[in-house]
Amino acid sequence: MKILVPVKRVIDYNVKPRVKADGTGVDLANVKMSMNPFDEIAVEEAIRIKEAGKAEEIVAVSVGPAKAQDTLRTALAMGADRAILIETDAEVEPLAVAKILKAIVAEENPGLVILGKQAIDDDSNQTGQMLAALLGRPQGTFASKVDIDGDHVAVTREVDGGLETVKLSLPAIVTTDLRLNEPRYASLPNIMKAKKKPLDVKTAADYGVDIAPRLKTLKVSEPPVRSAGVKVADVDALVAKLKELGVA
Ligand code: AMP
């Protein structure tokens, strides 16, 4: 079985995003970029499935700028076998990413596509679901456990108030939640080896996909600054204050 893992280059999760002064988006100039954390979990899970002898090849895919090659090299250093970059400087919405992935699935025929449940930059949580719908394949989203058993996969999902386990027939689409695994760090020898692994560069046009945006961002703004707190001397003063503020 082959596993396809889409990985997105996003602002590093430790960086506090800055909104551009004109409110048109987030400022990406000189900002540290990394692999989307949920995608690291997806790569790790694919590697564990391969290590368990249940997959033979892992292909990492990214849709993004030339710099997204670094993200793909990270996936290769972790243990993916080869990579495909669909190069574009445009911002690509989940539907267009899903259409590109659909075309790659038609070419590569993976038994499993493991995506992150969401990209931490747009927080869309859409691509995996859209891909499953476009392909007409079963989906197990928000996975906290993935268990391949022959031609099926059992996916334990984190749902409100508990866990749900669904059994999907392969080929299928899975999206990862935070508790699925702890991704490994790439070792230095593996980082060196990853430089020699195959990385194909293509364009959306190669797959006949129109990536023109369907949505228009009207405005991006910082969250309101929290106002300062007030200290009160005792419970009576607290009650009086709450009454004054109209919350009691
Ligand atoms: P989203 O629907 O944008 O929240 O993204 C969900 C998941 O889809 C991500 O965790 C990635 O696995 C995948 N994905 C989204 N955008 C891209 C992209 N540009 N390149 C590769 N994978 C992507």
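In listed order, ligands and their atoms are each counted from 1.
Lys241 contributes no side-chain N or O that, together with a main-chain N or O of Val232, makes up a donor-acceptor pair within less than 3.5 Å.
Proximity of Thr175 to ligand 1, defined as any heavy-atom pair under 4.0 Å, is not found for any part of the residue. Residue contacts with ligand 1, taken as heavy atom pairs separated by less than 4.0 Å, involve Val63 via backbone and side-chain atoms alike.
The option with the heavy atom closest to atom 14 (N) of ligand 1, from among Asp122, Val97, Asp121, is Val97.
Residues Lys54 and Asp147 meet the side-chain proximity criterion, which asks for heavy atoms closer than 4.5 Å. Residues Asn190 and Arg184 form no side-chain contact, since every pair of their non-hydrogen atoms from C-beta on lies 4.5 Å or further apart. Inter-residue side-chain proximity for Pro6 and Val97 is flagged as unmet; no heavy-atom pair is nearer than 4.5 Å. With contacts defined as side-chain heavy-atom distances shorter than 4.5 Å, the pair Met35/Val43 qualifies.
Nearest protein heavy-atom contact of atom 7 (C) of ligand 1 is Gly116 O, 3.3 Å. Looking at atom 15 (C) of ligand 1, its nearest protein heavy atom turns out to be Thr127 OG1, 3.6 Å. The nearest protein atom to atom 22 (N) of ligand 1, hydrogens excluded, is given as Pro6 CB, 3.4 Å; this is a heavy-atom distance. Among all non-hydrogen protein atoms, the one lying nearest atom 21 (C) of ligand 1 is Val7 O, 3.2 Å. When hydrogens are left out, the protein atom nearest atom 13 (C) of ligand 1 is Leu115 CD2, 3.9 Å; that is the closest non-hydrogen contact. Ranking the protein heavy atoms by distance from atom 9 (C) of ligand 1 puts Asp39 OD1, 3.4 Å first. For atom 16 (N) of ligand 1, the nearest protein heavy atom (residue, atom name, distance) is Lys8 CD, 3.4 Å.
Taking all atoms of both residues into account, the shortest heavy-atom contact from Val209 to Ala96 is CG1-O, 4.0 Å. Summarising the geometry of Pro110 relative to Val105, their closest heavy-atom pair is CD-O, 3.6 Å, with the distance given to 0.1 Å.
If you number the atoms of ligand 1 from 1 as listed, the ones under 4.0 Å from a heavy atom of Asn36 come out as 9 (C), 10 (O). Below 4.0 Å from some heavy atom of Ser62 lie the following atoms of ligand 1, by number and element: 20 (N), 21 (C). Taking every heavy atom of Val61 and a limit of under 4.0 angstrom, the matching atoms of ligand 1 come to 21 (C).
Of the residues Asp177, Thr141, Asn36, the one that meets the side-chain hydrogen bond (donor to acceptor under 3.5 Å, both in side chains) test with Lys117 is Asp177. Results of the side-chain hydrogen bond (donor to acceptor under 3.5 Å, both in side chains) test with Asn181 over Glu44, Glu45, Arg48 single out Glu45 as the only residue that passes.
Polar contact check, Asn125 against ligand 1: a nitrogen or oxygen pair lies under 3.5 Å apart.
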